[in-house]
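Heads up: the structure comes next, in structure tokens.
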Amino acid sequence: MATVLEPSGLQAEPVDARGRVAELHGIRAQALAGPGERATRAQHAKGKLTARERVELLLDAGSFREVEQLRRHRAVGFGLEEKKPYTDGVITGWGTVEGRTVFVYAHDFRIFGGALGEAHATKIHKIMDMAIAAGAPLVSLNDGAGARIQEGVSALAGYGGIFQRNTRASGVIPQISVMLGPCAGGAAYSPALTDFVFMVRETSQMFITGPEVVKAVTGEEISQNGLGGADVHAETSGVAHFAYDDEETCIAEVRYLLSLLPQNNRENPPRAESGDAAGRRGEVLLDLVPADGNRPYDMTRVIEEIVDDGEYLEVHERWARNIVCALARMDGQVVGVVANQPQVLAGVLDIEASEKAARFVQMCDAFNIPILTFLDVPGFLPGVDQEHGGIIRHGAKLLYAYCNATVPRISLILRKAYGGAYIVMDSQSIGADLTYAWPTNEIAVMGAEGAANVIFRRRIADAQDPDAMRARMVKEYKSELMHPYYAAERGLVDDVIDPAETREVLIRSLAMLQTKHADLPSRKHGNPPQ
């Protein structure tokens, strides 16, 4: 028996179960199609995929199970009662990435510009609650125009519910925000509360107040990308951890990141079979790192030589480049690597490097990822701007993060390790489980030249040849207090190792620490430096 669908998609008089099923298929087809081909073409014309195309790229083929596909808003006024599309502009559900469950929500910019209304927010709240309860990662594919103005304060309250759940899920399940369009005003704070932020150049922006408001208030003229584009947040603000040229590459990298993370804080990251021998020697390391502490080199080449197959995922690659934070594998086990980068600012710690590393250490500790720290640090960056900017406070963030971390922690001193920066970079005195050093290490309060100028100031000033006396005193200081075995003789370094054996030593040490258990003092929470 033929049936006729009314404009709402419902049959006028369905008479049996088959009629009801046909009605269901008709409604579902409307929901899947969205607002129509014209809106889809407009989305593609901007160089952007639709929400459903993005979900398909993220999840394993055929694994997506949508939740509340037929949800519609109940708002009235300003013409809303005449426009009640299915999904209400957000697609929510779960699927798998490499066979492991992942929850996702994706703004559909074709519907209300992806703006958040009451029903829209309720769907997001539900999928976030499901992710927390199931103990599985949550990925948000963001492409929305902020709060739905027609719904007023109800829309704003919806953001509050998202922020509250972001905070509750923090350190419990991995949260990844993928910025694929505009994100303005209070909406930008949800990504800022998550573990990782991905952006796509040209098509995604994040800012609290847009260019028009900036111009009205300050008189400054700037484009949307100049104010809050992917490159700005990847290089200048540090808001974005990753930036890519297109959505396909961006989403593929999200899948790769998920393969390195555990499902939740009660599990370990997934182990992978490694074809890279644990005992492989790294003879090239002897030539990569110059013995002269004043000569720069690329720390990422050292990391490549040590980790499995030379593969690693660098986090915040283009922000605070004087320190490297990366996820990699050692004999198949996921590890976090924190390393000074002598190629940039000589590898000093400054405000941004301290913040970058502190956040990374906290993430690793939250998700049971052992931390390897490679030191070649001449100290903290001196200067009025650094002191007035709060280098003490920001440097303390990194110190707090390491001291608070209970995962296996191994540090390796390649060359310089001077002053407070040596202590802060996971020294044995703040709880590193094992500390190794290469024979090129120099551990001291400061460089020999500076130390000699302080300790032997009068002898140098009174000498007939001050330069010769200074050189003699520098040599004496180095031989007495900065020789490669000074720290090892005092138990501050567990062993001085052949650089070529670094990979094997670290892998064996990680295997030993695999069953490490450490409890923090009973407390509601700490009060870390801000």
Side-chain angles (χ1 to χ4, degrees), residues 289-299 302 316 319-325 337-361 371-403 409 411-432 435-438 440-457 470 473-475 477-478 480-484 486-487 490 492-493 529:
V289 181
D292 181 355
N294 294 319
R295 290 179 58 192
Y297 61 93
D298 187 355
M299 181 63 82
V302 175
H316 269 143
W319 181 61
R321 293 175 54 242
N322 42 320
I323 200 161
V324 176
C325 297
V337 179
V338 179
N340 306 110
Q341 175 56 288
Q343 205 170 48
V344 180
L345 295 175
V348 296
L349 287 179
D350 59 4
I351 288 173
E352 291 185 344
S354 299
E355 288 193 337
K356 170 180 170 178
R359 175 78 171 176
F360 183 76
V361 167
I371 302 167
L372 303 179
T373 304
F374 297 164
L375 285 84
D376 191 344
V377 59
F380 282 94
L381 181 64
V384 174
D385 289 344
Q386 288 290 308
E387 295 295 346
H388 288 184
I391 184 63
I392 296 172
R393 175 166 51 88
H394 293 285
K397 293 179 183 179
L398 180 54
L399 181 60
Y400 188 99
Y402 270 125
C403 290
R409 292 156 47 191
S411 61
L412 172 67
I413 302 160
L414 282 65
R415 288 195 315 188
K416 302 181 301 296
Y418 295 162
Y422 153 64
I423 299 296
V424 168
M425 289 287 291
D426 206 18
S427 63
Q428 190 180 98
S429 59
I430 66 168
T435 303
Y436 297 110
W438 285 359
T440 47
N441 81 83
E442 291 183 356
I443 307 172
V445 175
M446 64 176 69
E449 289 78 8
N453 285 334
V454 173
I455 299 172
F456 307 111
R457 181 176 65 253
R470 181 182 292 106
M473 292 299 99
V474 167
K475 184 177 181 181
Y477 184 85
K478 279 188 173 182
E480 290 293 326
L481 297 178
M482 292 180 64
H483 63 78
Y486 184 85
R490 284 151 183 80
L492 299 175
V493 165

Margin query: Whether the side chain of Arg415 engages the backbone of Asp292 through a donor-acceptor N/O pair (distance < 3.5 Å, no angle test) should be reported.
Written below: yes
Check: With distance as the sole test, does Lys356 use its side chain to make a donor-acceptor pair with the main-chain N or O of Cys325 at under 3.5 Å?
Finding: no
Next item on the list: Using modelled atom types only, decide if a donor and an acceptor are shared between the side chain of Arg490 and the backbone of Tyr486 within a distance under 3.5 Å.
Entry: yes
Next item on the list: Compare all side-chain heavy atoms of Asn340 with those of Leu349 and state whether any distance is below 4.5 angstrom.
Entry: yes
Next item on the list: Could you please spell out the steps behind the side chain to side chain contact (heavy atoms under 4.5 Å, CB included) verdict for Val302 and Tyr297?
Entry: CA-CA 9 Å; Val302 175; Tyr297 61 93; 4.0 Å; yes
Note to self: Under a 3.5 Å threshold, yes or no: a donor from one side chain and an acceptor from the other, between Asp298 and Gln341?
What the structure shows: yes
Notebook entry, point to check: Quick one: CG on Leu414 to CZ on Phe374, what's the gap to the nearest 0.5 Å?
Noted result: 7.5 Å
Check: Does Ser354 have any side-chain hydrogen bond (donor to acceptor under 3.5 Å, both in side chains) partners at least two apart in sequence or in another chain, and if so, which?
Finding: none
Item checked: Option among Ile413, Leu412, Asp376 that satisfies the side chain to side chain contact (heavy atoms under 4.5 Å, CB included) test with Trp438 -> Leu412
Next item on the list: Identify the two heavy atoms, one from Gln428 and one from Leu492, that lie closest to each other, and give their separation to 0.1 Å.
Entry: NE2-O, 3.6 Å
Margin query: Holding to side-chain hydrogen bond (donor to acceptor under 3.5 Å, both in side chains), I want the full list of residues that pass it with Asp426, two or more places apart in sequence or in another chain.
Written below: Arg409
Notebook entry, point to check: Got a sec: does the CD1 of Ile423 have more than 12 other heavy atoms crowding it under 6.0 Å?
Noted result: yes
Notebook entry, point to check: Judged by atom type as modelled, is there a donor-acceptor pair below 3.5 Å linking the side chain of Gln386 to the main-chain atoms of Ile351?
Noted result: yes
Item checked: Separation between OG1 of Thr373 and CD1 of Ile323, rounded to the nearest 0.5 Å -> 8.5 Å
Margin query: I need the minimum non-hydrogen distance between Pro296 and Pro290, along with the two atoms involved.
Written below: O-CG, 4.1 Å
Item checked: Met299 CE to Asn322 CG distance, which is reported to the nearest 0.5 Å -> 12.0 Å
Item checked: Atom of Val338, atom of Ala357 and distance for their closest heavy-atom approach -> CG1-CB, 4.1 Å
Note to self: To the nearest 0.5 Å, what is the distance between CD on Glu442 and OH on Tyr422?
What the structure shows: 14.0 Å
Check: Which residue pairs satisfy the side chain to side chain donor-acceptor pair (under 3.5 Å) criterion with at least one member in residues 389-398, sequence neighbours excluded?
Finding: Glu355-His394, Glu355-Lys397, His394-Lys397
Checklist line | Interatomic distance, Ile430 atom CD1 to Tyr400 atom OH [nearest 0.5 angstrom] | finding: 13.0 Å
Item checked: Lys416 side chain vs Gly293 backbone, donor-acceptor pair below 3.5 Å -> yes
Checklist line | Steps toward side chain to side chain contact (heavy atoms under 4.5 Å, CB included) verdict (Leu345, Asp350) | finding: CA-CA 9 Å; Leu345 295 175; Asp350 59 4; 4.0 Å; yes
Next item on the list: Supply the atom-to-atom distance Glu387 CD to Leu381 CG, rounded to the nearest 0.5 angstrom.
Entry: 9.5 Å
Checklist line | Shortest non-hydrogen contact between Val337 and Phe360, atoms and distance | finding: O-CE2, 3.7 Å
Check: Which atom pair, heavy atoms only, marks the closest approach of Leu375 to Ser411?
Finding: CD1-CB, 4.0 Å
